[in-house]
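Everything below concerns the one structure shown next.
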Amino acid sequence: RCQGQGAGPVVRVQVCGLTHPDHALAATEAGADFVGVIFAPSRRRITLDVAQEVARALELWYKMGVPRPALVGVFADAPVEQVNAAARACPLDWVQLSGSESVDYCQRVDVPVIKALKLPAGLEAGDALALLMAYREALAPGGGVLLVDSAVPGQYGGTGQPVDWAMAGELARQVPFLLAGGLTPHNVSEAIGRVRPWGVDVSSGVETRGSKDIAKIRAFVRNARGTGKD
């Protein structure tokens with residue numbers, strides 16, 4: 001019904017921080033593999049009611065013959081019972097954990113997990129690899145994946161700050177992950193070529209004046225697929 005790890009195109013694409021069903025439709029039509037709605041503290045945070053509207057729209061399009069992306073709910077340091085309740089009520093296909101959740105916490109989530117790991121500037125590649133491997137081993141039985149983002153104090157994500165692509169490329173040769181942080185329609189092709197990630201994630205990079213831009217969503221997915229000119 002939806003694409004996830006082990007299926008779909010070589011480079012998966014997640015469009016995150018959607019606040020309206022129309023944004024989800026644009027991402028769906030463009031061919032995104034994942035669409036994300038945010039329950040964590042953020043200017044893009046939405047209510048469960050709005051998330052359910054997005055979920056119903058995705059199901060309607062699927063019934064009309066449009067392959068739909070997986071719906072991801074983004075949380076950060078919320079009680080695991082709250083996360084599982086939202087996953088059932090929405091319903092969510094995946095949960096992304098963008099806080100300081102432990103390995104044990106990840107294993108208590110009822111749906112597959114995308115665990116966001118933020119790499120601070122100056123972190124040694126060996127230390128970063130050890131961190132990724134610890135979570136990778138914990139997520140593997142449930143089919144979960146990792147997301148690598150830049151660390152910005154006081155922010156859970158969506159900051160537009162890039163990761164060190166050179167170090168990310170070293171990590172990607174050993175651990176599959178979604179690359180996030182500072183990606184846009186103009187640089188995503190270069191990022192994919194240099195890092196070779198399992199997938200890419202975007203939020204602020206497809207916004208104009210703080211709101212999702214449908215043209216940018218389409219361009220980002222097109223360029224991530226290697227069919228654009230940017």
Side-chain angles (χ1 to χ4, degrees), residues 2-18 23 26-36 67 69-70 72 74 94 96 98 114-133 135-136 139 144-152 157-208 212-230:
C2 46
Q3 299 178 54
Q5 186 175 10
V10 172
V11 177
R12 284 72 170 178
V13 178
Q14 173 167 267
V15 181
C16 202
L18 307 183
H23 303 154
T28 299
E29 291 178 330
D33 301 281
F34 303 89
V35 293
V72 181
V74 181
W94 293 66
Q96 179 174 317
S98 293
I114 298 171
K115 180 63 182 91
L117 299 174
K118 301 173 184 64
L119 306 184
L123 182 67
E124 295 292 334
D127 294 334
L129 180 61
L131 177 65
L132 265 65
M133 289 299 295
Y135 277 94
R136 173 64 178 162
L139 295 180
V145 296
L146 300 174
L147 181 148
V148 169
D149 200 353
S150 56
V152 178
T159 64
Q161 298 300 310
V163 174
D164 181 337
W165 286 357
M167 184 171 72
E170 292 182 37
L171 298 173
R173 287 194 289 270
Q174 301 175 77
V175 185
F177 58 79
L178 286 155
L179 176 68
L183 298 180
T184 71
H186 300 291
N187 69 9
V188 66
S189 294
E190 180 185 0
I192 291 170
R194 291 176 59 181
V195 178
R196 304 287 181 182
W198 181 82
V200 289
D201 169 85
V202 68
S203 184
S204 62
V206 290
E207 294 178 347
T208 298
K212 286 293 181 289
D213 185 316
I214 289 176
K216 288 182 179 180
I217 290 173
R218 291 170 176 161
F220 184 89
V221 179
R222 181 175 66 245
N223 293 343
R225 296 283 188 254
T227 58
K229 296 180 179 180
D230 293 336

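Numbers for residues simply follow the sequence, beginning at 1.
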Item to check | Main-chain N/O of Ser98 paired with Lys118 side-chain donor or acceptor, under 3.5 Å | outcome: yes
Item to check | Gly169 backbone acceptor or donor facing Asp164 side chain under 3.5 Å | outcome: no
Checklist entry - Should the pair Phe34 and Trp198 be assigned to parallel (<30°), tilted (30 to 60°) or perpendicular (>60°) ring geometry? => result tilted
Next on the checklist: For a quick test of reading the model, state the closest non-hydrogen atom pair linking Pro197 to Leu179 and the distance between them.
Outcome noted: CB-CB, 3.9 Å
Checklist outcome for this item: Nearest heavy-atom approach of Leu117 to Leu132 is CD1-CD1, 3.8 Å
Checklist entry - Is any side-chain N of the basic residue among Asp149 and Lys115 closer than 4.0 Å to the acidic one's carboxylate O? => result no
Next on the checklist: Is a donor from one side chain sitting under 3.5 angstrom from an acceptor on the other, for Lys216 and Thr208?
Outcome noted: yes
Checklist outcome for this item: Here the pair of heavy atoms bringing Asn187 nearest to Gly182 is ND2-O, 3.0 Å
Next on the checklist: Is it the case that the side chain of Arg136 and the backbone of Phe177 share a donor-acceptor pair, with hydrogens and angles ignored and the cut-off at 3.5 Å?
Outcome noted: no
Checklist entry - Do the side chain of Asn223 and the main chain of Pro185 share a donor and acceptor less than 3.5 angstrom apart? => result yes
Item to check | Gap separating the NZ atom of Lys212 from the NE2 atom of His23, nearest 0.5 angstrom | outcome: 7.5 Å
Checklist entry - What's the shortest heavy-atom distance between Pro67 and Thr28, and which atoms? => result O-CG2, 3.6 Å
Checklist entry - Is a side-chain donor or acceptor of Thr184 paired with a backbone partner of Gly205 at a separation under 3.5 angstrom? => result no
Next on the checklist: If I compare all heavy atoms of Val163 with all of Ser150, which pair ends up nearest, and what's the gap?
Outcome noted: CG2-N, 3.4 Å
Checklist outcome for this item: Shortest non-hydrogen pair, Leu146 vs Pro176, comes out as CB-O, 4.2 Å
